[in-house]
There are 2 protein chains.
Amino acid sequence: MAAKAKSKDSTTEERIRVAARKLFTRHGYDAVKTRDIAAESGINLALLNYYFKSKEKLFEKIMQENMKEFMQGISGIVNDEQTNLESKIKRLVEYYLDMLMSNPDMPLFVLSHAKKKGSKLNFRETFAQSHFMKQIQEAVKEGKIAPINPLNLMLNIVGLSIFPFIGRHIFQNEKGITEDAFIALMAERKKMIPGWIDAILRKK
Amino acid sequence: MAAKAKSKDSTTEERIRVAARKLFTRHGYDAVKTRDIAAESGINLALLNYYFKSKEKLFEKIMQENMKEFMQGISGIVNDEQTNLESKIKRLVEYYLDMLMSNPDMPLFVLSHAKKKGSKLNFRETFAQSHFMKQIQEAVKEGKIAPINPLNLMLNIVGLSIFPFIGRHIFQNEKGITEDAFIALMAERKKMIPGWIDAILRKK
DNA sequence: ATTCAATTTAATCAAATGTTTAAAACAAAA
DNA sequence: TTTTGTTTTAAACATTTGATTAAATTGAAT
């Protein structure tokens, strides 16, 4: 029974998928070979084609998963009619910081592959029809916040949240900060970014 | 004479270097094949090895060039003792926006490869000993700006400047904004970012 | 136990890839 | 014109790569 439960938790297909996700997310499509994935998942090379038909098909699957995870929580937040603008901004920042703390390679992967057909990722579209966008426009009209191009606001929220993960290797190395310091820095930013965005919005 | 002048402007080595820079910057190391570079530069495949010894050596050369360009103007700006804090921020933003408008693929390349040995890119180090850093610390001490971790300030300046280029494919596509709109958006940000940073620094 | 389907294995295949080789072509100097 | 050095060319090489194949093994149903 224990053996059966273990088998259920780790099917061959699942092991391949997990290994592929790890490698593709970190290194991208071309740098990762089918033999790398086979080794990482502890399977025979031919099983990759047996279960996923081709390297490319496997990659597309991983790409969809990553894009979905990157976007998944956003819709709920930006379309929630029970929260105000300030709260939405805070939740967006928290969503990204939490997600990326557990998967720091994700944004670089997502942004590197956003141009591929099939990626189906459109920030602008997601925000354009949202309740969040309405709230911004109303606040500008009521003079509660400084006029700002909604796309710029979106870029600022996402950029301030994501950029440190994308760029972490340019300051996290032997001459830079440690892994622990990076984690502390991100925790600090998680708290500070909503305030920074607020300052930008209230700029005179 | 005209033929001689032309030959001087376009040596085989130079043509290979230019083609390689274009392709590597856009697509990265593994996705670009030696035959791609040969085709792009209009040379015989073996010349790549004749002039640069190996694909890897050529890539390292391109990587150094790109890293250098990415960092080159910064030192001058952050160590200039004749300009104040506000002016330095403005010039940093302008430096990046101008550079990246003419080479939008650069940041993704630089950040993707920052972890490779030989990349010799360290933001934190560049800023840590700078006059800019001193100015920040003094301004905080004098209560002129809100206390802020200098690394966070640096990340905010660079992130707000660079992120739209890194992320442009997630909002610049058939369902998103046009190339012209992107250029206009960047021109707008070039003007707005210094003010946003200022608002962040003066946040109460 | 037998049969059939599903999964796994190891070898093979065809094409791609970075590199090397040797000869041809070119350029410069004597 | 000849010699020497440099550059270019096309073919070949050795290895890598994604994919296929056929047989063996395993698992499920009868």
Side-chain angles (χ1 to χ4, degrees), chain A residues 1-65 109 112-113 116-118, chain B residues 1-64 109 113 116-118:
Chain A
M1 192 61 164
K4 181 80 186 274
K6 174 163 183 154
S7 166
K8 186 179 178 183
D9 288 343
S10 298
T11 63
T12 300
E13 182 174 337
E14 178 71 5
R15 281 159 54 207
I16 298 174
R17 196 189 61 73
V18 167
R21 191 170 181 191
K22 175 183 171 184
L23 295 176
F24 281 144
T25 302
R26 178 65 198 86
H27 303 290
Y29 181 76
D30 293 292
V32 176
K33 314 304 177 187
T34 52
R35 285 166 176 81
D36 298 330
I37 297 170
E40 178 73 27
S41 45
I43 55 119
N44 179 284
L45 178 60
L47 292 183
L48 195 147
N49 296 80
Y50 179 78
Y51 283 102
F52 295 96
K53 200 169 178 181
S54 71
K55 177 190 177 187
E56 187 172 359
K57 284 287 195 295
L58 174 59
F59 179 75
E60 282 172 13
K61 187 178 180 67
I62 300 303
M63 188 170 67
Q64 298 299 345
E65 289 181 11
F109 175 90
S112 297
H113 296 86
K116 283 185 187 288
K117 57 177 174 102
Chain B
M1 190 61 163
K4 180 80 185 269
K6 174 164 183 148
S7 166
K8 186 178 176 183
D9 289 343
S10 298
T11 62
T12 300
E13 183 174 339
E14 178 71 5
R15 281 159 53 207
I16 299 174
R17 197 191 57 75
V18 167
R21 191 170 183 191
K22 175 183 172 184
L23 295 176
F24 280 144
T25 302
R26 179 64 198 89
H27 303 289
Y29 181 76
D30 293 292
V32 176
K33 314 305 175 185
T34 51
R35 285 166 176 81
D36 298 330
I37 298 170
E40 178 72 27
S41 43
I43 56 115
N44 180 284
L45 178 60
L47 293 181
L48 195 147
N49 296 80
Y50 177 79
Y51 284 101
F52 295 96
K53 198 170 179 180
S54 71
K55 177 190 176 184
E56 187 172 0
K57 284 288 195 299
L58 174 59
F59 179 75
E60 281 172 15
K61 188 177 179 68
I62 300 301
M63 187 171 66
Q64 299 298 345
F109 175 90
H113 296 86
K116 283 185 185 289
K117 57 179 175 101

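These values consider heavy atoms only, across backbone and side chains, with no hydrogens, waters or symmetry-generated copies. All of these numbers come straight from a predicted model, not from anything done at the bench. Proteins get letters first, then strands, A, B, ... in listed order; numbering begins at 1 in each.
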Check the distance between [N]'s [atom2] and [X]'s [atom1] and give it to me in whole angstrom.
X: A:N49; N: C:dT12; atom1: CG; atom2: P; value: 18 Å
X: A:K55; N: D:dA19; atom1: NZ; atom2: P; value: 8 Å
X: A:L58; N: D:dG18; atom1: CG; atom2: P; value: 11 Å
X: A:E60; N: D:dG18; atom1: CD; atom2: P; value: 15 Å

_Using a 3.5 Å distance criterion without hydrogens, assess whether the side chain of A:K55 forms a donor-acceptor pair with backbone atoms of A:L48._
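Side chain of A:K55 to backbone of A:L48, a donor-acceptor pair under 3.5 Å: no, none is there.
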
*Would you sort out whether A:F109 and A:R26 count as a side chain to side chain contact (heavy atoms under 4.5 Å, CB included), showing the intermediate values?*
CA-CA 7 Å; A:F109 175 90; A:R26 178 65 198 86; over 6 Å; no

*salt bridge (charged side-chain N to carboxylate O under 4.0 Å, His left out) against A:K22, all qualifying residues, sequence neighbours excluded*: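 Counting only residues at least two positions away or on another chain, A:K22 forms a salt bridge (charged side-chain N to carboxylate O under 4.0 Å, His left out) with A:E40.
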
*Taking only residues two or more places apart in sequence or in another chain, which ones pass salt bridge (charged side-chain N to carboxylate O under 4.0 Å, His left out) with A:R15?*
none

*Nucleic acid contacts - residues 18-40 of chain B versus DNA chain D, non-hydrogen atoms under 4.0 Å*: none

*Which pairs pass salt bridge (charged side-chain N to carboxylate O under 4.0 Å, His left out) with one or both residues in residues 27-39 of chain B, sequence neighbours excluded?*
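Counting only pairs at least two positions apart or across chains, no salt bridge (charged side-chain N to carboxylate O under 4.0 Å, His left out) contact touches residues 27-39 of chain B.
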
*Please list, chain by chain and in numerical order, all residues satisfying ring-ring contact (aromatic ring centres under 6.0 Å, His included) with A:Y51, sequence neighbours excluded.*
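Partners of A:Y51 by the ring-ring contact (aromatic ring centres under 6.0 Å, His included) criterion come out as none, since no residue qualifies.
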
*Aromatic ring proximity, centroids under 6.0 angstrom, B:F24 and B:H113*: no

Please produce a list of atom pairs where a protein N or O lies less than 3.5 Å from an N or O of nucleotides 7-9 of chain D.
{"from": "D:dT7", "atom 1": "OP2", "to": "B:Y50", "atom 2": "OH", "distance (Å)": "2.7"}
{"from": "D:dT8", "atom 1": "OP1", "to": "B:T12", "atom 2": "OG1", "distance (Å)": "2.7"}
{"from": "D:dT8", "atom 1": "OP2", "to": "B:T12", "atom 2": "OG1", "distance (Å)": "3.4"}
{"from": "D:dT8", "atom 1": "OP2", "to": "B:Y51", "atom 2": "OH", "distance (Å)": "2.4"}

*Does the distance from a Lys or Arg side-chain N to an Asp or Glu carboxylate O, for A:K57 and A:E60, drop under 4.0 Å?*
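The answer is no: the pair does not qualify as a salt bridge.
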
